[in-house]
S.K.: 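Got a structure here, written out as structure tokens. Questions coming.
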Amino acid sequence: MADKTSPSSGAAAPPAALLEAPGYQVRRLYQAYLAAWLRGVDPTLTGPQFAVLTAVNAAPGRDQSAMASAVALDTSTMADVARRLEKRGLIVRRTAADDGRRKLLYLTEEGERTLREADDRARALDERLLENYAPGTERARLMRELTALADHWEGLSEEG
């Protein structure tokens with residue numbers, strides 16, 4: 001039986017229903033961000049890994065569970081990210097003296113160097129991503145709106 005569809009003439013436009021769906025636009029935004037991250041920041045250090053390194057740098061010695069909350073990861077994902085960072089020699093996990101189940105996180109010298117280098121590139125990427133928004137008030141407003149949206153959507157996901 002012959003295919004009666006017309007041949008493709010390039011990229012198809014998304015249906016209007018998708019264009020009006022906030023989740024679709026957020027997914028597009030995130031996919032574009034990931035591609036820009038891989039090209040401009042680091043092809044091997046993931047965004048969640050970068051977030052964990054940043055959080056550990058800001059509060060060395062906090063436990064893995066607290067770090068998971070700080071970087072918006074569930075505890076099983078956090079455990080996987082921490083294991084990977086430890087295998088790469090970027091963090092060390094030490095058992096808490098008062099509770100053998102708790103793992104306390106610290107950056108290694110290599111972790112500090114990796115974070116410092118990635119952070120410079122991440123800040124440059126942030127500048128490129130926000131270049132259409134005037135520094136100061138306009139960017140601050142955008143960040144407040146993005147934060148409010150994330151907070152609201154996280155709340156909806158927790159309602160079950």
Side-chain angles (χ1 to χ4, degrees), residues 21-160:
Y24 172 76
Q25 298 299 352
V26 168
R27 186 183 61 75
R28 284 185 57 223
L29 184 63
Y30 186 63
Q31 284 184 283
Y33 178 77
L34 287 178
W37 177 275
L38 289 172
R39 283 190 315 274
V41 178
D42 195 305
T44 59
L45 185 71
T46 67
Q49 290 172 344
F50 175 78
V52 169
L53 291 178
T54 301
V56 171
N57 186 57
R62 291 194 60 200
D63 69 66
Q64 203 166 283
S65 178
M67 292 293 181
S69 178
V71 298
L73 292 175
D74 62 68
T75 55
S76 63
T77 301
M78 178 64 192
D80 183 54
V81 169
R83 268 192 301 278
R84 290 173 189 262
L85 291 171
E86 187 175 41
K87 282 182 183 177
R88 288 182 59 189
L90 302 179
I91 66 168
V92 292
R93 295 187 302 165
R94 297 186 185 133
T95 303
D98 62 338
D99 183 350
R101 296 168 297 175
R102 289 179 47 228
K103 300 295 182 196
L104 309 179
L105 306 180
Y106 300 88
L107 290 182
T108 63
E109 286 184 28
E110 179 67 14
E112 290 174 3
R113 184 191 62 74
T114 298
L115 176 60
R116 193 171 43 255
E117 292 172 1
D119 190 62
D120 290 343
R121 292 186 302 269
R123 297 298 68 83
L125 175 60
D126 288 347
E127 280 302 312
R128 287 184 54 221
L129 294 172
L130 296 173
E131 67 190 4
N132 291 338
Y133 299 89
T137 305
E138 195 173 357
R139 287 186 185 184
R141 182 182 55 71
L142 174 64
M143 291 308 299
R144 279 193 310 274
E145 289 176 10
L146 289 172
T147 301
L149 183 63
D151 290 346
H152 177 67
W153 285 23
E154 283 178 344
L156 292 175
S157 71
E158 293 168 1
E159 288 180 3

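Because the structure is a prediction, the values reported are computed rather than measured.
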S.K.: May I ask you to check whether Thr77 and Asp74 show a side-chain donor-acceptor distance below 3.5 Å?
M.R.: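 Per modelled atom types, Thr77 and Asp74 side chains form a pair under 3.5 Å.
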S.K.: Could you check whether atom OH of Tyr133 has more than 12 heavy atoms from other residues, nucleotides or ligands sitting under 6.0 Å from it?
M.R.: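 No, not enclosed.
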S.K.: Going from CG on Asp119 to OG1 on Thr114, what distance comes out if it is rounded to the nearest 0.5 angstrom?
M.R.: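 Reported to 0.5 Å precision, the distance equals 12.0 Å.
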S.K.: Between Glu112 and Arg116, is a salt bridge (Lys or Arg N to Asp or Glu O under 4.0 Å) present by the stated rule, with each step listed?
M.R.: CA-CA 6 Å; Glu112 290 174 3; Arg116 193 171 43 255; 5.2 Å; no
S.K.: Ignoring hydrogens and angles, state whether a donor on the side chain of Gln49 or Arg84 is under 3.5 Å from an acceptor on the partner side chain.
M.R.: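 On atom types as modelled, these side chains do not qualify, holding no pair under 3.5 Å.
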S.K.: Please name the pair of heavy atoms, one in Ala82 and one in Ile91, separated by the smallest distance, quoted to 0.1 Å.
M.R.: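 In terms of heavy atoms, the two residues are closest at O-CD1, 3.5 Å.
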S.K.: Let me see the working for Asp42 and Phe50 under side-chain contact (heavy atoms from CB on, under 4.5 Å), right down to the final yes or no.
M.R.: CA-CA 10 Å; Asp42 195 305; Phe50 175 78; over 6 Å; no
S.K.: List the steps, then state whether side-chain contact (heavy atoms from CB on, under 4.5 Å) holds for His152 with Leu156.
M.R.: CA-CA 6 Å; His152 177 67; Leu156 292 175; 3.5 Å; yes
S.K.: Show your reasoning for whether side chain to side chain donor-acceptor pair (under 3.5 Å) applies to Arg93 and Gln64.
M.R.: CA-CA 9 Å; Arg93 295 187 302 165; Gln64 203 166 283; 3.2 Å; yes
S.K.: Can you establish whether the number of heavy atoms outside Arg123 located under 6.0 Å from its atom CZ is more than 12?
M.R.: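 Yes, enclosed.
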S.K.: Using the rule given for side-chain contact (heavy atoms from CB on, under 4.5 Å), can you reason through Leu85 versus Leu105, listing the C-alpha separation, both sets of side-chain angles and the distance that settles it, and then say yes or no?
M.R.: CA-CA 10 Å; Leu85 291 171; Leu105 306 180; over 6 Å; no
S.K.: Salt bridge between Lys103 and Glu86, side-chain N to carboxylate O under 4.0 Å?
M.R.: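 The answer is no: the pair does not qualify as a salt bridge.
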S.K.: How about OH on Tyr30, more than 12 heavy atoms from neighbouring residues, nucleotides or ligands closer than 6.0 Å, or not?
M.R.: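 It does not: Tyr30 OH has 12 such atoms or fewer within range.
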S.K.: Determine, for Glu109 against Arg113, whether the closest basic-nitrogen to carboxylate-oxygen distance falls under 4.0 angstrom.
M.R.: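 No, this pair does not count.
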S.K.: Measuring from Glu131:CD to Asp126:CG, what's the distance to the nearest 0.5 Å?
M.R.: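 Those atoms lie 12.0 Å apart.
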S.K.: To the nearest 0.5 Å, what is the distance between CZ (Arg27) and CG (Leu29)?
M.R.: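 It comes to 11.0 Å.
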S.K.: Starting at CE of Met78, measure out to CG of Asp63 and round the result to the nearest 0.5 Å.
M.R.: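 Reported value, rounded in 0.5 Å steps: 9.0 Å.
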S.K.: Which pair of heavy atoms, one from Ala72 and one from Glu154, lies closest together, and at what distance?
M.R.: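 The answer is CB-OE2, 4.0 Å.
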S.K.: Nearest heavy-atom pair of Ala58 and Pro60: which atoms, and what distance?
M.R.: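 Looking at all heavy atoms of both residues, the closest pair is C-CD, 3.7 Å.
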S.K.: Does one side chain, of Gln31 or Arg28, offer a donor that lies under 3.5 Å from an acceptor on the other?
M.R.: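 No, Arg28 and Gln31 have no side-chain donor paired with an acceptor closer than 3.5 Å.
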S.K.: Distance from Thr75 atom OG1 to Asp80 atom CG, nearest 0.5 Å?
M.R.: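 Taking OG1 in Thr75 and CG in Asp80, the distance rounds to 11.5 Å.
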S.K.: Can you tell me how far CG of Asn132 sits from CD of Glu138, rounded to the nearest 0.5 angstrom?
M.R.: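 Here the interatomic distance stands at 9.0 Å.
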S.K.: Of Leu107, Leu104, Leu115, which is the lone residue that meets side chain to side chain contact (heavy atoms under 4.5 Å, CB included) with Val56?
M.R.: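 Answer after filtering Leu107, Leu104, Leu115: Leu107.
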S.K.: Would you call Val71 and Pro48 a side-chain contact if the rule is heavy atoms closer than 4.5 Å?
M.R.: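 Result no, sub-4.5 Å side-chain heavy-atom pair not found.
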S.K.: Less than 4.5 Å apart, side chain to side chain, heavy atoms only: is that true for Pro43 and Trp37?
M.R.: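 Contact flag for Pro43/Trp37 side chains = no.
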